[in-house]
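See below for the structure under consideration.
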Amino acid sequence: MGAFFVYILKASVYLAILYLFYSILLSKETFYRYNRTALLLLIPLSFILPLYPVHTAVPETYSNTTILDSLPAISYIENESQSKIPIGIIAVLSIYLIGILYFITRYVCTIIKLLRLIRSGEKYTDSDGLSLVVISQSIAPFSWFGKIVISKADFQNHRREILLHESAHIRKHHSWDLLAADLCIGLQWFNPAAWLLKRELQTVHEYEADNYVLEQGIDAKQYQLLLIKRSVGSKFYYITNHTAVQRKNLRHDLN
């Protein structure tokens, strides 16, 4: 377990470095598809790079005889140290495992609540084959693995814009991206870079969906007003894509 924790620490350092390079080089760009690809690549890279050891040249200051003579003493010290695990290391490993357990529990509870909400709504399939769940309570619309959840009020008043936006999330498989980011966070919950990466990925998702909506002929200013009205958040924001992520601007024709 200690070796695995050291590996996770190395992976978290690599992720932090890689995300820093992304922030400097790509975060301000508007090539959303490439930004999304770059962010997703950071996750496997951060776990692959620690598997390759870094070799450093060590000056040979001792003769072979001296080194061989010292081996029994080194072996004895190693056996002595392995028999006793420091309390500090046990405490750190315990905190790490508790963090993972908390994350898993929170994630499972959120999914259970989400499934209950989906079951409580009215199910529809629109002309494009999209699976809609219309609920009576007021909630920010969101999509999750092929399903679009929308309130009855939004379904009656802003159906076209919202469905275009959420269908973009589904067609581009954004839920799978969030799942990959959540797996990374689950193992590196202590690493701020993992949380920042997911937040940046969600932002890129929203801009990708916005771009798709505007390409369908929706008026940019009216669409921005809709985003502001619907920026009330969602309790399922943690694991879903939803319309109510507030943008400073659309980075499109509004500039």
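Nothing here was measured: the structure is a model prediction, and the numbers come from that model.
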Does the structure place the NZ or CZ of R159 under 6.0 Å from the centre of the six-membered ring of F155, at an angle of no more than 45° from the ring's axis?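 Yes, cation above the ring, under 6.0 Å and within 45°.
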
For [X] and [Y], indicate whether the former's side chain and the latter's backbone hold a donor-acceptor pair under 3.5 Å.
| X | Y | answer |
| --- | --- | --- |
| K172 | I170 | no |
| N157 | A153 | yes |
| K28 | I24 | no |
| W195 | W189 | yes |
| S151 | S138 | no |
| Y32 | A209 | no |

Side-chain heavy atoms of [X] within contact of [Y], under 4.5 Å:
| X | Y | value |
| --- | --- | --- |
| S131 | Y124 | no |
| E208 | H169 | no |
| L117 | Q137 | yes |
| L130 | E166 | no |
| L201 | L40 | yes |
| L39 | E200 | yes |
| I95 | F190 | no |
| I118 | W144 | yes |

Roughly how far, to the nearest 0.5 Å, is the [atom2] atom of [Y] from the [atom1] atom of [X]?
| X | Y | atom1 | atom2 | result |
| --- | --- | --- | --- | --- |
| E206 | N211 | CD | CG | 12.5 Å |
| L42 | T37 | CG | OG1 | 11.0 Å |
| K152 | I139 | NZ | CD1 | 14.5 Å |
| T105 | F103 | OG1 | CZ | 10.5 Å |
| L196 | S23 | CG | OG | 7.5 Å |

Apply side chain to side chain contact (heavy atoms under 4.5 Å, CB included) to residues I135 and I150 and explain how you reach the verdict. CA-CA 6 Å; I135 59 176; I150 184 173; over 6 Å; no

What is the minimum heavy-atom distance between D182 and Y107, and which atoms define it?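 Looking at all heavy atoms of both residues, the closest pair is OD2-CE1, 3.1 Å.
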
Shortest non-hydrogen contact from K198 to I185?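 Minimum heavy-atom contact is CD-CD1, 3.7 Å.
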
R36/D177 salt bridge by N-O under 4.0 Å criterion: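 Salt bridge flag = yes for R36 with D177.
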
Would you mind telling me which of V13, N191, L15, L187 makes a side-chain contact (heavy atoms from CB on, under 4.5 Å) with S46?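 Output: one option passes, namely L15.
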
Check the hydrophobic clustering (I, L, V, M, F, W, Y; side-chain heavy atoms under 4.5 Å; chains of links allowed) and say if [X] and [Y] are grouped together.
| X | Y | value |
| --- | --- | --- |
| L45 | Y22 | yes |
| V133 | L115 | yes |
| I112 | L101 | no |
| Y102 | I104 | no |
| L49 | L51 | yes |

Relative to each other, are the rings of H205 and H174 parallel, tilted or perpendicular (30° and 60° limits)?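 Answer is parallel, since the angle falls under 30°.
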
Could you list who else is in F31's hydrophobic cluster, with ILVMFWY side chains joined at under 4.5 Å, directly or through other members?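 Other cluster members: Y34.
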
Any chance you could lay out the side chain to side chain contact (heavy atoms under 4.5 Å, CB included) test for I148 and F142, step after step, and finish with the verdict? CA-CA 6 Å; I148 298 176; F142 63 86; over 6 Å; no

Could you pull out all donor-acceptor pairs under 3.5 Å where a side-chain atom in residues 2-11 meets a protein atom, sequence neighbours excluded?
{"residue": "Y7", "atom": "OH", "partner": "F47", "partner atom": "O", "Å": "2.5"}

Would the number of heavy atoms belonging to other residues, nucleotides or ligands and lying under 6.0 Å from CZ of R171 be above 12?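 Yes - once you tally the heavy atoms of other residues, nucleotides and ligands closer than 6.0 Å, there are more than 12.
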
